[in-house]
Participant: 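Dropping the structure in here first, questions after.
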There are 2 protein chains.
Amino acid sequence: MAKAVATRGFARDRVLDAARALFTEHGVGGTSLQMIADRLGVSTSAVYYQFRSKADIVVTVFRPVFEDITRVIRIAAAIPSREVRREATISGMIELAVRHRRTTALVRTDPAVAELVEAVGEFRDAVADLQVILAGPAPDPASRTAVAVLVSGIFGAAADPAVAAIPDEELHRLLLDCARRLVAA
Amino acid sequence: MAKAVATRGFARDRVLDAARALFTEHGVGGTSLQMIADRLGVSTSAVYYQFRSKADIVVTVFRPVFEDITRVIRIAAAIPSREVRREATISGMIELAVRHRRTTALVRTDPAVAELVEAVGEFRDAVADLQVILAGPAPDPASRTAVAVLVSGIFGAAADPAVAAIPDEELHRLLLDCARRLVAA
DNA sequence: GTCTATATATGGATAGAC
DNA sequence: GTCTATCCATATATAGAC
């Protein structure tokens, strides 16, 4: 129990790291500022010095993920062929799902994050665009189901403890295999 | 705003219905007894008359799902061929995922439910057994990844709003197609 | 930059009246 | 079977001292 070493200067990042870990363990709703403060060995007030509110922390934690999704969409949107565009989107989605691993699971599943997505237009658009590129504008039941399995499967699997030991590169490749099998009509 | 009609005699079931709906919307952690009581137009004390605690409600809501999982496993365990056994397990898993739809999503994703699973040995065993039947006792990375995609994909997709309009039978069939494509090595 | 103290709300839970 | 009243713990958040 060495006294909490204040590595100094990066207090904000330390709060974000602790928040990320706790969000993963207990969900956003199950994580209090007290828990974050305790993990850092500081008081809640110290946390409030770095962030205006809990919502501020949540938004800061998840912004990078949605920025990545937006980036993947923007790159894909420039591709003329629908087939190639979908391929690129899936590949980009897997890349970011693996890179963010623990964080991304919550994007698809945590009710608090779902509310956040609804609230922040920027995030909401990213998710909507993703659906359209993958399933098309007016998808039939089979496409809708396949896309739902694909997205839930990718994001859920990337965060599954069962694959935690698999290195990023290998996991990326394995998920790509699964995705190809799924969407290969 | 007609005064809350107390259909009488089924107060317990009405609490469970309200809880299920709220758990789906806000997650278990994000649902308070106050919210449940409000939705029924009663006081929290009235809810406490039907259940000892919030945990009691949670356990009662999720028990049927885990009982179904246990039943699927028990039936599958009696099948000698490993191939056929896995097929039967997947089919049974899809059947219960579709039948419970909104509830099952939380089983894979809600941190509060994850803690519940850890706490209740009966539930924990069901989940562990499911993994072993699907992936085998010492699975390689590829199998672990495929099973993770399969389970997350099935449960996540069944609860996805995008497939809400698809009838149970059709959704079951479509999910089975997805599963076959995924595990067909 | 971190602390103490505090305001205020909400959550889970119980006792006892009706 | 439902309500009022209440207890206690915890949560978010702020003010101000050091």
Side-chain angles (χ1 to χ4, degrees), chain A residues 1-23 25-62 110-113 115-116 119-120, chain B residues 1-62 106 110-113 115-116 119-120:
Chain A
M1 199 93 70
K3 78 172 176 187
V5 182
T7 328
R8 271 305 320 291
F10 299 93
R12 216 180 132 87
D13 290 330
R14 291 176 65 237
V15 170
L16 290 175
D17 283 343
R20 246 184 297 269
L22 287 164
F23 288 167
E25 276 176 65
H26 308 286
V28 173
T31 301
S32 67
L33 293 178
Q34 193 61 251
M35 286 166 149
I36 296 174
D38 286 352
R39 175 157 299 205
L40 295 172
V42 302
S43 65
T44 59
S45 307
V47 176
Y48 271 103
Y49 178 76
Q50 304 290 346
F51 295 91
R52 321 161 92 98
S53 66
K54 184 182 175 181
D56 189 17
I57 299 177
V58 176
V59 131
T60 308
V61 163
F62 289 100
D110 195 297
V113 178
E115 279 163 32
L116 176 74
V120 183
Chain B
M1 201 90 72
K3 79 172 178 189
V5 182
T7 326
R8 274 305 320 291
F10 300 93
R12 218 181 130 87
D13 289 330
R14 291 175 67 236
V15 169
L16 290 175
D17 283 343
R20 247 185 297 269
L22 288 163
F23 289 168
T24 308
E25 278 175 64
H26 308 287
V28 173
T31 301
S32 67
L33 294 179
Q34 194 61 248
M35 287 166 141
I36 296 174
D38 285 351
R39 176 156 300 205
L40 295 172
V42 301
S43 66
T44 58
S45 307
V47 175
Y48 271 104
Y49 178 76
Q50 304 291 346
F51 295 91
R52 321 162 91 99
S53 66
K54 183 181 175 180
D56 189 16
I57 299 177
V58 177
V59 129
T60 308
V61 163
F62 289 100
L106 299 166
D110 195 297
V113 178
E115 277 162 32
L116 175 74
V120 183

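Proteins get letters first, then strands, A, B, ... in listed order; numbering begins at 1 in each.
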Participant: Looking only at non-hydrogen atoms, find the nearest pair between A112(B) and D110(B) and report the distance.
Facilitator: N-OD1, 2.8 Å
Participant: For the pair made of CD1 in I36(B) and P in dA13(C), what is the distance, rounded to whole Å?
Facilitator: 11 Å
Participant: Hey, are the side chains of R12(A) and T60(A) touching, using non-hydrogen atoms and a 4.5 Å cut-off?
Facilitator: yes
Participant: Sugar-phosphate atoms are those with a prime plus P, OP1 and OP2; base atoms are the rest. Using that split, label each nucleotide of nucleotides 3-14 of chain D B, S or - for protein heavy atoms under 4.0 Å, 5' to 3'.
Facilitator: BBB-----SSBB
Participant: Mind jotting down which residue pairs meet the side chain to side chain donor-acceptor pair (under 3.5 Å) criterion with at least one end in residues 29-43 of chain B? Sequence neighbours excluded, please.
Facilitator: E25(B)-R39(B)
Participant: Could you tell me how far apart Y49(A) (OH) and dT2(C) (C1') are, to the nearest whole angstrom?
Facilitator: 9 Å
Participant: Between dG11(C) atom P and I57(B) atom CD1, what is the distance in whole Å?
Facilitator: 14 Å
Participant: Over how many whole Å does the gap from D56(B) atom CG to dA13(C) atom P extend?
Facilitator: 10 Å
Participant: Is there a side-chain contact between L33(B) and Y48(B) (heavy atoms, below 4.5 Å)?
Facilitator: yes
Participant: Going by salt bridge (Lys or Arg N to Asp or Glu O under 4.0 Å), name the pairs with one or both residues in residues 44-53 of chain A, residues two or more places apart or in two chains.
Facilitator: none
Participant: If every non-hydrogen atom of F23(B) is compared with every non-hydrogen atom of V28(B), which pair is closest and at what distance?
Facilitator: CD2-CA, 3.8 Å
